[in-house]
Structure formats: C-alpha cells, structure tokens
Amino acid sequence: MKLAPPAQIRHNGHAHEARLAVPPAELATFDFHTVTWQADGFGFDATTGEFFTASPTALIVMQSLSEKLNRQQILERITSTFEVARSTAERDLESFLAELTHLGLTKEVN
Amino acid sequence: MNSSPIIAVTGLHRGENPQPGSAVIRSLRRVYPELRIIGLVYDSLESGLFSEEDAPDAAFTMSYPGAGVEAFWQRLDAILEIERFDVLIPCLDAEMGPLVDSPEKLRERGIHVCLPTAASFQCRDKSKLSELCERTHCRTPQTIAVNDVNSLHQAAATLGGNVFVKGRFYEAKRALTPAAREAAYWHMIEQWGAPVLVQENVEGEEYNVIGLGDGRGHILGSCSMRKMLLTASGKGFGGMVVRDPQLDAIAQSLIAELRWNGPFELEFVKPDGPRGEYCLIEINPRFPAWCDFPSTLNCNLPAAALELALGWQPREPLRRPSPGKFFIRHAIDMTGDIRDLAALTTTGQLIRQAHEPIAQPAFAHNA
C-alpha cells in the first residue's frame with residue numbers, strides 16, 4: 001500500500017492499490033485545510049482554484065485528521081478498512097503524515 | 001439622447017491576444033437583446049465584426065492612436081454625424097488616456113461613459129503602482145521606468161537580471177539576457193512609446209479580479225479567478241472562479257483608495273507555498289477579454305456599467321460567482337464576405353444587413 005500525496009493528480013488508476021477489507025463507512029464531503037474533498041477522492045480548493053485527486057487511503061487519513069483523530073485511531077481506521085499489514089500501514093502513514101507536515105497541511109499528529 | 005440608447009464599443013478583435021469588445025457586446029445582449037450596438041474598429045479584419053453572435057449592428061473605422069488625440073476626436077465627430085451614439089465603452093488601454101483626460105469633451109458630445117477620474121487613472125499607472133501599494137499595504141514587484149538602453153540594463157541589474165520588460169499600456173516580455181532585454185525594449189518603444197517598464201519577475205500562480213467600482217470606494221460586483229491555462233504570451237485561456245477573503249480584502253482596499261469608477265481588472269501573482277502573498281502586477285482600467293464569463297453566472301458587469309453610465313436602476317443584482325465554475329476559451333473560425341471588407345476599407349463604415357436565409361439542402365432535395 002502506498003498513500004498518494006493529496007496534491008497528486010492521478011489518471012492511471014494506481015491510486016487504488018490497497019484492497020478494501022470492508023466497504024468504507026460512507027464518506028460525506030469534508031474539509032481538510034482549505035480543500036473540500038468528495039467521497040470519490042476529488043478535492044477542490046475554493047481559495048486557490050486548484051483541484052486534486054487522492055487515493056482512498058489518503059482520503060481516510062485526511063478525513064481522520066479533520067475529525068482530530070490521533071495517530072493510533074487513524075491506524076485503526078486504516079487497518080479495519082483495508083486488507084493491509086499493520087506494520088505496512090504504520091510505515092506508510094508515517095510517510096504520508098510527514099509529507100502533509102512538509103506541505104504545511106498539518107502539524108505533528110500525536 | 002436616442003429614445004433607445006445606442007452603444008459604441010471598441011476592441012473587437014478576438015485573436016491570439018483577445019480584446020474585450022466582443023465579450024462586452026455579448027454580455028450587453030444577454031440583458032438587453034434589442035440594444036443597438038456600434039463597433040469602433042482600428043482594422044477591417046477585427047474578428048468580432050464577422051461573428052454571428054457578437055457582431056455590432058454597424059461598425060466604423062477609427063484613426064490609429066498614433067495619429068494623435070486631435071485625429072481621435074475628429075474621427076469621433078465624423079462618426080457622430082453619421083450615427084449619434086449615447087454611450088461609449090472603451091476596451092483598449094491606449095484609448096483610455098484621452099477619454100479620461102477630457103470628460104468635458106465627452107459631455108459636449110452627449111456621450112455617457114463609466115470611467116475613472118484622471119487622478120484615479122494616473123494613480124494606477126504601471127509606473128506609480130508601488131506608491132499605491134505602499135498606501136494600501138499590498139505587495140507589488142519592484143518596477144523601474146526607463147527611457148534609454150543604458151537605464152534598461154541598470155534597472156535589470158538592480159532587479160537581479162530576471163525581469164519582465166513591459167509596454168507602457170500593454171504587453172510584457174520576460175527577458176533574461178541583455179540581448180533579449182534590448183529586443184524587448186525596442187519592441188515596446190515601437191508599439192507603445194516611452195517609458196518602458198522593467199519589472200522584477202515574481203513566479204507563482206496568477207489570479208485576476210474583475211469588477212466594477214462606483215467611484216465612491218465601493219465595488220458593485222466582482223469575480224476572482226485563477227488562470228488555469230496560459231497562452232505562449234501569458235494570456236489566460238482558461239480560469240477557475242476562486243473565493244479568498246484575503247484577495248477580496250486587497251481588491252477592496254485598492255479600489256477604495258483609488259475611489260475607482262467603472263470597470264477594472266486587478267492582476268496578481270501569488271508565489272507558491274503556504275507563505276506566498278498576493279503580489280499586484282498591474283491594474284487594467286477596463287474590462288478584460290474574459291468579462292462575459294461572469295455574465296453567464298449572473299454577474300453581468302458590462303450591463304451594470306451601462307446602467308451606471310446612463311444613471312439607470314440596475315436591472316438585476318450582481319451575484320457573486322461560485323468557486324468551481326470555470327471558463328475555457330474556444331477559438332473558432334468566422335466567415336466573412338469580401339463586400340463587408342470592401343465597405344469598411346473604402347468608406348470606413350459597415351452597416352450589417354440581415355443574412356439571406358440558406359435553403360436547407362435536404363429540404364430542397366425533397367422538394
């Protein structure tokens with residue numbers, strides 16, 4: 001599993017590498033930073049006019065962050081949603097959170 | 001005044017660098033479909049003359065701005081003898097100076113306009129932008145006006161070498177080398193006259209705000225967009241509506257300071273990154289070529305400008321376009337007729353006739 005950075009536009013379908021273990025809880029539209037994300041992974045920033053796509057896992061992480069979940073809770077949500085080893089999910093989550101921090105989209109997550 | 005006002009519009013060429021006139025006509029006809037509109041053109045091949053949807057009802061050739069202000073007013077008088085129009089919506093930068101400087105000449109001729117005062121107009125001049133931005137706490141790239149080649153190179157060195165060389169009224173060329181700077185300098189001198197502006201290059205996303213000022217410091221309506229597609233010369237070929245309170249506040253502050261009356265376009269660059277701040281590149285004292293796009297979203301600024309010029313009550317409120325709406329420009333071919341070209345070239349005027357209906361081939365065959 002590899003989490004896609006939120007600013008990456010994907011057209012080749014590689015965003016869906018992780019297999020869903022259970023259908024994800026219905027994702028309503030949510031705001032993360034200045035971007036409004038739809039359940040299908042399309043994000044639009046009304047202040048800059050930029051638009052993005054994100055993988056289902058990246059979407060879950062950003063939604064979790066918008067709900068103020070901590071690192072453990074996010075990990076729980078990922079592993080209960082996708083068929084993925086906990087260690088793999090943990091490593092990819094770290095990498096994704098570091099990228100979000102680098103982009104100035106989130107602060108350190110507990 | 002005519003019983004139903006007649007409107008004159010300039011800048012009808014929608015070529016590589018589209019002029020705004022045809023978009024203004026299209027917007028006016030969205031609200032006032034019966035309006036008689038005449039085009040004032042500088043070239044008989046201005047593409048808007050041949051459009052099925054945006055063409056004026058009549059057109060007259062104008063004298064080139066290079067012929068001087070007197071020639072401009074003389075030609076305008078000659079046109080008024082043939083067709084007395086009531087409102088003028090100028091759409092080209094080079095026309096603005098003479099009109100803004102002589103409101104009494106417009107009044108004498110019974111021509112209504114929606115233009116800024118000469119003082120407001122001067123304050124937004126490219127060479128004065130840094131003073132305006134200092135007063136309004138807005139960022140702007142350092143700009144130096146030059147009148148000779150030595151000063152050009154000195155200015156470029158002061159600004160770090162990576163600069164834009166800009167025409168007094170229009171056009172900008174990025175120039176990294178002394179040779180490129182000189183070529184751009186002479187081009188601007190030839191096209192637009194002195195001075196030439198040397199501007200620090202700020203890289204980032206480009207944002208534009210179109211709006212209409214009421215002359216008392218308020219914005220009657222506006223639309224902000226990020227340029228999504230750019231032509232080789234940096235013109236926006238597509239744009240996405242945005243809504244950023246920070247951008248709105250800057251626009252409001254600039255227009256309040258200028259007490260701007262009439263249409264405007266503010267051009268900004270925002271450097272990438274979370275700390276990037278909007279940097280004002282220039283203020284265009286007229287509608288831009290994309291002014292019909294907000295009109296499709298119930299923000300018809302040309303119609304509002306017409307109402308303002310005539311002192312009419314606004315026909316409909318100006319709505320704020322929603323973020324996420326976007327435009328993409330679509331170039332198509334226009335069909336012209338040599339007779340139209342002949343009329344404009346020989347007599348300087350073109351009165352459009354109703355087109356002859358073309359028999360539908362399938363129908364004709366069956367008959």
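In what follows, every heavy atom counts, from backbone to side chain, and hydrogens, waters and symmetry copies are set aside.
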Asker: Nearest 0.5 Å please: distance from the CE atom of B:Met240 over to the CZ atom of A:Phe44.
Answerer: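 Between B:Met240 CE and A:Phe44 CZ, I get 4.5 Å after rounding to 0.5 Å.
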Asker: When you look at CZ of A:Phe42, are more than 12 heavy atoms from neighbouring residues, nucleotides or ligands closer to it than 6.0 Å?
Answerer: yes
Asker: B:Met228 versus chain A, heavy atoms under 4.5 Å apart: side chain, backbone, both or neither?
Answerer: side chain
Asker: Taking only distance into account, so ignoring hydrogens and angles, what donor-acceptor contacts under 3.5 Å exist between chain A and chain B?
Answerer:
| residue | atom | partner | partner atom | Å |
| --- | --- | --- | --- | --- |
| A:Ala46 | O | B:Arg243 | N | 2.8 |
| A:Thr48 | O | B:Tyr207 | OH | 3.3 |
| A:Thr48 | O | B:Arg226 | NE | 2.7 |
| A:Gly49 | O | B:Arg226 | NH2 | 2.8 |

Asker: Applying side-chain contact (heavy atoms from CB on, under 4.5 Å), can you list everything that pairs with B:Ala331, at least two apart in sequence or on another chain?
Answerer: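 For B:Ala331, no residue satisfies side-chain contact (heavy atoms from CB on, under 4.5 Å) once neighbours in sequence are set aside.
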